[in-house]
Number of protein chains: 2
Amino acid sequence: MRGKKGYTYEYARPALTVDCVVFGFGGGELEVLLIERGLAPYEGWWALPGGFVRVGEDLGAAAGRELSEEAGIDAGYLEQLGAFGAPGRDPREHVVSVAYWALVRPGDYRLAAATDAVAARWHGVGALPRLAFDHGEIVGVAVERLRARVRHQPVGFNLLPEKFTLTELQGLYEAILGEGLDKRNFRKRVLALDLLTALPEERREGAHRPAQLYRFDPDKYARLERRGFHFEL
Amino acid sequence: MRGKKGYTYEYARPALTVDCVVFGFGGGELEVLLIERGLAPYEGWWALPGGFVRVGEDLGAAAGRELSEEAGIDAGYLEQLGAFGAPGRDPREHVVSVAYWALVRPGDYRLAAATDAVAARWHGVGALPRLAFDHGEIVGVAVERLRARVRHQPVGFNLLPEKFTLTELQGLYEAILGEGLDKRNFRKRVLALDLLTALPEERREGAHRPAQLYRFDPDKYARLERRGFHFEL
DNA sequence: CCTTTTCGTGTGGAAATGACACTAAGTCAA
DNA sequence: TTGACTTAGTGTCATTTCCACACGAAAAGG
């Protein structure tokens with residue numbers, strides 16, 4: 001109900017927000033995008049980008065909008081993580097947040113702090129600062145989810161440039177899973193999945209043999225997906 | 001803000017509800033608990049038990065409360081499924097629902113329609129009626145999640161009585177996964193996990209050899225869980 | 001005591017997994 | 001031009017896991 005100075009409801013309602021855990025891959029490490037809050041509460045703390053859901057707006061759309069508003073990012077992959085609604089998580093009032101996690105390619109964005117953010121920056125997941133609200137917990141759940149997802153579905157490609165080498169891909173998997181992988185076995189498995197297309201070019205950089213470039217082929221994946229299948233890394 | 005006739009906020013807020021997909025196991029089939037709505041919209045339709053989240057109330061607690069209010073059920077296992085917030089899912093206004101799924105043992109409840117429900121009844125997942133709102137979709141996601149979860153974590157025991165036979169357990173898994181399993185391999189695998197304790201009793205019913213009774217041992221599971229492990233069915 | 005019904009058990013062949021080390025191809029500097 | 005250096009790329013074998021498969025055991029009831 002629209003009144004003179006606000007919207008009135010018969011029963012009290014918690015506020016509803018979305019927060020995004022945006023993953024990137026840089027410097028051989030898995031990174032998370034954080035913004036520095038410019039407003040109370042938690043002014044000056046690092047937090048996840050996010051904001052209020054508008055009435056009539058889809059949750060996923062709200063997450064995408066906040067991402068683009070607060071950090072100039074267009075996510076290649078966006079998936080819901082879950083709802084976080086512990087009563088004390090926001091000191092002001094009861095705020096329920098629907099968290100999303102996203103994967104972005106380096107280059108599909110330009111960091112731009114805006115709205116109520118002072119700064120936006122990538123942080124390695126290994127050494128995060130203390131986060132505002134319950135965002136530390138949310139990031140933890142997101143990392144777990146990413147690890148589980150990456151083993152069974154080809155989402156990792158959204159963190160690499162379109163053309164990449166197998167060594168780069170392996171480095172990405174090692175960074176996400178936090179463990180070393182055997183080079184020969186990794187290549188065997190990845191190629192056996194038949195999701196990659198070898199490009200007619202190589203990457204030539206440095207004093208050594210050049211590396212074959214590949215790209216992820218969504219068509220091949222779609223074809224396999226259709227006739228029920230699953231893989232393990 | 002508390003006013004004469006309601007609560008007023010500066011910006012419009014979607015309403016926030018919880019809905020529960022309650023799984024049971026009866027007659028050799030996986031079942032879902034549905035209630036028949038007594039109020040518009042969708043009066044007379046079958047729907048998931050659920051209701052509004054109160055301000056200051058935890059989401060999981062709200063789910064548990066609605067379950068006990070609307071169906072007299074105390075869930076043995078309760079996990080969040082995710083938030084469903086498509087703008088048109090409720091014809092009245094924008095309602096975001098956080099869905100939970102639960103497992104209950106036959107006997108840990110007595111069905112009791114209450115609140116705004118006309119009736120509460122179990123329905124086999126194979127032949128559900130058309131559901132109100134987007135509840136059909138929610139049930140679909142829940143079944144998927146249950147299938148995935150049951151393969152990797154010992155949650156199925158929450159659907160069986162405390163004492164059960166391996167044949168019953170296998171029947172449960174077959175009902176959930178929707179496929180037949182090999183008896184000898186199933187028993188080998190389950191026993192190899194070392195999560196069950198054989199009881200000093202047998203189930204003697206009918207003109208045939210009696211079956212060994214087992215119970216799930218949470219301590220054994222906790223011990224394994226601690227030193228990182230994972231199993232597949 | 002014979003029939004019926006479900007309970008409970010082991011083996012072998014096939015496939016998947018995982019450990020492991022050297023050659024290939026390029027750059028650069030002597 | 002040649003040799004040193006660096007990263008790319010490749011195959012085998014032993015072990016483990018997976019999966020298909022059939023029959024004796026124990027009780028009840030007529």
Side-chain angles (χ1 to χ4, degrees), chain A residues 25 27-29 150-152 157 160-161 163-175 177-216 224 227-233, chain B residues 25 27-28 147 150-152 160-161 163-175 177-216 224 228-233:
Chain A
F25 181 58
E29 206 192 358
V150 90
R151 283 177 172 279
H152 300 282
F157 305 106
L160 290 177
K163 304 171 178 181
F164 53 86
T165 68
L166 290 185
T167 300
E168 288 167 340
L169 185 63
Q170 180 175 350
L172 171 67
Y173 272 74
E174 289 175 337
L177 299 175
E179 55 177 338
L181 301 174
D182 180 87
K183 186 172 164 187
R184 284 185 281 193
N185 292 336
F186 179 82
R187 296 162 98 93
K188 246 184 296 177
R189 277 144 101 143
V190 169
L191 292 177
L193 291 177
D194 190 34
L195 295 174
L196 303 185
T197 301
L199 299 171
E201 1 168 15
E202 298 173 326
R203 169 160 305 159
R204 173 173 288 103
E205 55 167 1
H208 54 81
R209 178 171 176 175
Q212 178 64 241
L213 284 170
Y214 293 85
R215 68 176 168 78
F216 170 64
L224 288 184
R227 38 200 187 79
F229 96 119
H230 76 291
F231 65 88
E232 167 106 14
L233 173 75
Chain B
F25 181 58
R147 285 194 177 136
V150 90
R151 282 177 173 281
H152 300 282
L160 289 177
K163 304 170 179 182
F164 53 86
T165 68
L166 291 184
T167 301
E168 288 167 341
L169 185 63
Q170 180 175 350
L172 171 66
Y173 272 73
E174 289 176 338
L177 300 175
E179 56 177 338
L181 301 174
D182 180 86
K183 186 173 163 185
R184 284 185 281 194
N185 292 335
F186 179 80
R187 296 163 98 92
K188 245 184 298 177
R189 279 145 98 144
V190 168
L191 292 176
L193 292 176
D194 191 34
L195 294 175
L196 303 184
T197 300
L199 299 171
E201 2 168 15
E202 299 175 324
R203 169 160 303 161
R204 175 173 288 103
E205 57 167 3
H208 55 82
R209 179 171 175 175
Q212 179 64 242
L213 283 171
Y214 293 85
R215 68 179 169 77
F216 171 64
L224 288 184
F229 95 118
H230 76 293
F231 65 89
E232 167 106 14
L233 172 75

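Within every chain, numbering begins at 1; the chains are lettered A, B, ... in the order of the sequence lines, protein sequences first and strands thereafter.
- You'll find that the side chain of B/Arg204 is closest to D/dA28, out of D/dA28, D/dA26, D/dT7.
- With contacts defined as side-chain heavy-atom distances shorter than 4.5 Å, the pair A/Leu166/A/Leu196 qualifies.
- Here the side chains of B/Leu193 and B/Leu224 are not in contact, with every heavy-atom distance at 4.5 Å or above.
- Counting only residues at least two apart or on different chains, the salt bridge (Lys or Arg N to Asp or Glu O under 4.0 Å) pairs with a member in residues 187-196 of chain B are B/Asp194-B/Lys220.
- In 5' to 3' order, the nucleotides of DNA chain C bounding all contacts with chain B (an atom under 4.0 Å from a heavy atom) are C/dT4 to C/dT11.
- Between the NZ atom of B/Lys183 and the CD atom of B/Glu174 there is a distance of 11.0 Å, given to the nearest 0.5 Å.
- Using a 4.5 Å heavy-atom threshold, the side chains of B/Leu191 and B/Tyr214 count as touching.
- You'll find the side chain of A/Leu177 reaches within 4.5 Å of the side chain of A/Arg151, heavy atoms only.
- Only B/Arg184, B/Asn185, B/Lys188, B/Arg189, listed by number, bring a heavy atom of residues 183-194 of chain B to less than 4.0 angstrom from any atom of DNA chain D.
- One atom, CG of A/Leu213, and another, P of D/dT7, lie 17 Å apart when rounded to the nearest Å.
- In this structure, the side chains of A/Leu169 and A/Phe216 stay at 4.5 Å or more apart for every pair of heavy atoms.
- Summarising the geometry, the separation between CD on B/Gln212 and P on D/dA27 is reported as 12 Å, rounded to the nearest angstrom.
- Comparing B/Glu205 and A/His208 by the nucleotide of DNA chain D whose heavy atom lies nearest to each, the residue mapping closer to the 5' end is A/His208.
- Along DNA chain C, the nucleotide nearest A/Ala207 and the nucleotide nearest B/Thr165 are compared for position; the residue whose nucleotide lies closer to the 5' end is B/Thr165.
- Residue B/Thr167 is in sugar-phosphate contact alone, with no base atom involved, counting any heavy-atom pair closer than 4.0 Å across all strands shown.
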